[in-house]
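Report on the structure given below.
What's counted below: heavy atoms across the whole structure, side chains too, no hydrogens, waters or symmetry copies.
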Amino acid sequence: MEILYSSTRSKGNPVKASEAILKGLSEDGGLFVPERIPALDKSLEELADMTYGQVAYEVMKLYLTDFTEEELKNCIRRAYDEKFDTEEIAPLVEADGAYYLELFHGATIAFKDMALSILPHLLTTSARKNHVKNEIVILTATSGDTGKAALSGFADVEGTRIVVFYPKNGVSPIQEKQMVTQKGENTYVVGIHGNFDDAQTGVKQIFGDKELAAYMNEKGFQFSSANSINIGRLVPQIVYYVYAYVKLLKEERIVNGEKINVVVPTGNFGNILAAFYAKQMGLPIDKLICASNENKVLYDFFESGTYDRNREFVLTSSPSMDILISSNLERLIYRIAGNDPDKNRELMMSLMRGGSYTITEEMKAQLQDFYGNYASEQETAQTIHDLYENTGYVIDTHTAVAACVHKKYKEVTKDDKVTVIASTASPYKFTRSVMNAIDSKYDTMGDFELVDKLSELSKVQVPGAIEEIRTAPVVHDHVCEKSEMKQTVMNFLGI
């Protein structure tokens, strides 16, 4: 059955999956959501015998219903190939009583690769299906990982250009080096004086500028998004939760139908929303554990029912979660508001104008699937240290936030269900923070000395994504004020 996509903010005409992917964001500023969540149509036992790519097809075909089998399988084949350094694509590693779902074996060693390896193919296929003649301009704000993953995915993809904005002093040295050394005639990377929320707000304003859209169209361009607000980002993320469950089933770590818990380190809410969608599809997930760092806007929301970004912005060692406006939460709010775009729009306008909104008790009662908590900087470092000391397994700062919150959850609830922790980045992406957590004596070393020491300690080979930036020249050295973002895009396009 065909699934159409409607906006979270209006009752306008629903669009096909390919149209939603092309647009990225609805004209009214809302996010595209499927009009219904499809149920898995293969049994968990059938899925357990499949490769990652085969599971991806079985999940994604249910959402992207206007793609032919050949089109979708072609996108999947081109995405999940030798770019990943493990055949499994997303291995599960057992350590200290939990299963770490390693989502960082792609080209840029972060979980964003899982979706951004396939998004360029979904997008270019969508453009062909909808007879788009314009060049597509991918416009993205990043808190560190999306940027490089999107740049890598779209570099030199015909018919596209990509502009990435990032907070100039708000990403790790490795993250920045990965972005500013990116090759590709169609790529443009800009640091802004501001934080991630400033970058994300600026991008949304450009998307919402109807006069600019008309001018761009005149000049042969149109915008689309690679951020997790694009439904073409969210759907591929559902896949790895299904894959993790059926892998546990195949390895007889669980029995068919047994409920598991899932812990996700969360900033923009897209990754945990994908787990929520997987649960709605029939995957036996019990608790969705939302782990925040010291920017604990989501923890406070789950505790109080009030979302309030009016607070100090904290720069932490887990920068991809240094976010006060969790864009994807809007998709969940829309759902618990009874799929009522008017109610949702009212709440989002309140957030935009006053920086906060409060949901009703009735809406709050629908959040029972979720548990929220947070980890301080000290707790994050301690978690990395203790896991390494006890098991020899090294995790990054974001994964450590999740592991710490999982521990807190177990202490509070005594719930000992089998648990999957989304391991969202390689420790090599945050070497200084990780190595300092293991032992502060390493802080005197240079960034790449730390890389080699980490390899020695963890007994894990340095990923190609790190090796290639050791000596790579800086290609992008552009910096602008947040008020100059629109003009910066125009300059890049030469219009």
Side-chain angles (χ1 to χ4, degrees), residues 2-37 63-67 115 119 122-123 125-127 129-132 134 136-141 146 150 163 197 199-217 221-238 268-270 273-274 276-277 307 325-353 357 486 489:
E2 186 175 42
I3 286 193
L4 297 176
Y5 291 80
S6 48
S7 168
T8 52
R9 297 195 191 179
S10 70
K11 294 187 173 81
N13 294 330
V15 298
K16 293 178 177 180
S18 61
E19 295 173 285
I21 289 168
L22 270 176
K23 290 173 186 286
L25 198 64
S26 174
E27 285 92 344
D28 54 29
L31 308 188
F32 286 111
V33 285
E35 294 200 312
R36 61 184 174 82
I37 304 286
Y63 287 92
L64 310 182
T65 52
D66 65 326
F67 282 67
L119 182 62
L122 294 176
L123 198 63
T125 303
S126 296
K129 291 173 77 64
N130 289 278
H131 313 294
V132 169
N134 285 343
I136 295 167
V137 181
I138 304 299
L139 192 59
T140 289
T146 288
V163 184
D197 288 329
Q200 182 166 254
T201 299
V203 164
K204 282 184 171 179
Q205 284 170 348
I206 295 171
F207 270 114
D209 189 330
K210 290 188 169 53
E211 281 180 27
L212 176 61
Y215 181 63
M216 294 269 292
N217 186 49
F221 297 105
Q222 69 186 64
F223 286 126
S224 191
S225 165
N227 277 76
S228 57
I229 54 177
N230 192 316
I231 198 71
R233 270 280 304 275
L234 191 62
V235 169
Q237 290 180 276
I238 300 168
N268 221 7
F269 207 75
L273 183 71
F276 173 75
Y277 276 23
Y307 191 96
I325 304 173
S326 303
S327 287
N328 267 290
L329 184 62
E330 179 170 348
R331 286 185 164 113
L332 182 66
I333 296 299
Y334 171 79
R335 185 179 177 87
I336 64 174
N339 297 340
D340 181 345
D342 297 330
K343 176 64 179 169
N344 177 70
R345 188 175 63 251
E346 183 188 313
L347 293 170
M348 295 308 127
M349 288 301 111
S350 176
L351 179 65
M352 193 171 78
R353 292 182 185 127
Y357 61 79
K486 175 177 164 182
V489 173

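No more than 12 heavy-atom neighbours from other residues, nucleotides or ligands sit within 6.0 angstrom of CG on N13. Dense packing is recorded around CD of E2, with more than 12 heavy atoms of other residues, nucleotides or ligands lying under 6.0 Å away.
The closest donor-acceptor contact from the side chain of N130 to the backbone of S126 lies under 3.5 Å. Formation of a donor-acceptor pair under 3.5 Å by the S224 side chain with backbone atoms of L22 is found in this model. The backbone N or O of M216 sits nowhere less than 3.5 Å from a side-chain atom of Q222 that would complete a donor-acceptor pair. In this structure a side-chain-to-backbone donor-acceptor pair under 3.5 Å is missing from S26 to S7.
With contacts defined as side-chain heavy-atom distances shorter than 4.5 Å, the pair F207/L212 does not qualify. You'll find the side chain of T140 stays beyond 4.5 Å of the side chain of V203, heavy atoms only. Contact check for F269 versus S228: no side-chain heavy atoms found under the 4.5 Å cut-off. M349 places none of its side-chain heavy atoms less than 4.5 Å from the side chain of Y357. F223 places none of its side-chain heavy atoms less than 4.5 Å from the side chain of I136. I37 has its side chain within reach of Y63: a pair of non-hydrogen atoms, C-beta onward, lies under 4.5 Å apart. With a 4.5 Å cut-off on side-chain heavy atoms, I231 and R331 count as touching. Under the 4.5 Å side-chain criterion, counting only non-hydrogen atoms from C-beta, F32 is not in contact with S6.
In plain terms, the two heavy atoms of L122 and G232 that are nearest each other are CD1-O, 3.8 Å. Summarising the geometry of S327 relative to K204, their closest heavy-atom pair is OG-NZ, 3.0 Å, with the distance given to 0.1 Å. The two residues V163 and V137 have their closest heavy-atom pair at CG2-CG1, 4.4 Å. Of all the heavy atoms in I138 and A226, the pair that sits closest is CG2-CB, 3.5 Å.
Of the inter-residue distances, the one linking L4 atom CG with R36 atom CZ reads 9.5 Å to the nearest 0.5 angstrom. For the atom pair L351 CG and L347 CG, the distance stands at 9.0 Å (nearest 0.5 Å). For the atom pair CD1 of I229 and CG of L25, the computed distance is 4.5 Å after rounding to the nearest 0.5 Å. Taking CG of L64 as the start and OH of Y5 as the end, the distance is 5.5 Å to the nearest 0.5 Å. Rounding to the nearest 0.5 Å places CG of L31 at 4.5 Å from OG1 of T8. M348 contributes atom CE, which lies 9.0 Å from atom OH of Y307 (distance to the nearest 0.5 angstrom).
S10 is linked by a side chain to side chain donor-acceptor pair (under 3.5 Å) to D28, counting only residues two or more places apart in sequence or in another chain. Under the salt bridge (charged side-chain N to carboxylate O under 4.0 Å, His left out) criterion, R9 pairs with E330, not counting sequence neighbours.
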* To do: Determine, stepwise, if the pair N134 / F221 fulfils side-chain contact (heavy atoms from CB on, under 4.5 Å).
  => CA-CA 5 Å; N134 285 343; F221 297 105; 5.6 Å; no
* Go through the steps to decide whether V33 and R335 satisfy the test side-chain contact (heavy atoms from CB on, under 4.5 Å), and finish with yes or no. => CA-CA 9 Å; V33 285; R335 185 179 177 87; over 6 Å; no
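For the residue pair E35/N339, the side-chain donor-acceptor check at 3.5 Å is not satisfied. Counted by atom type alone, N230 and S225 present zero donor-acceptor pairs between their side chains at under 3.5 Å.
Applying the salt bridge (charged side-chain N to carboxylate O under 4.0 Å, His left out) definition to pairs two or more places apart or across chains, those involving residues 14-27 are K23-E27.
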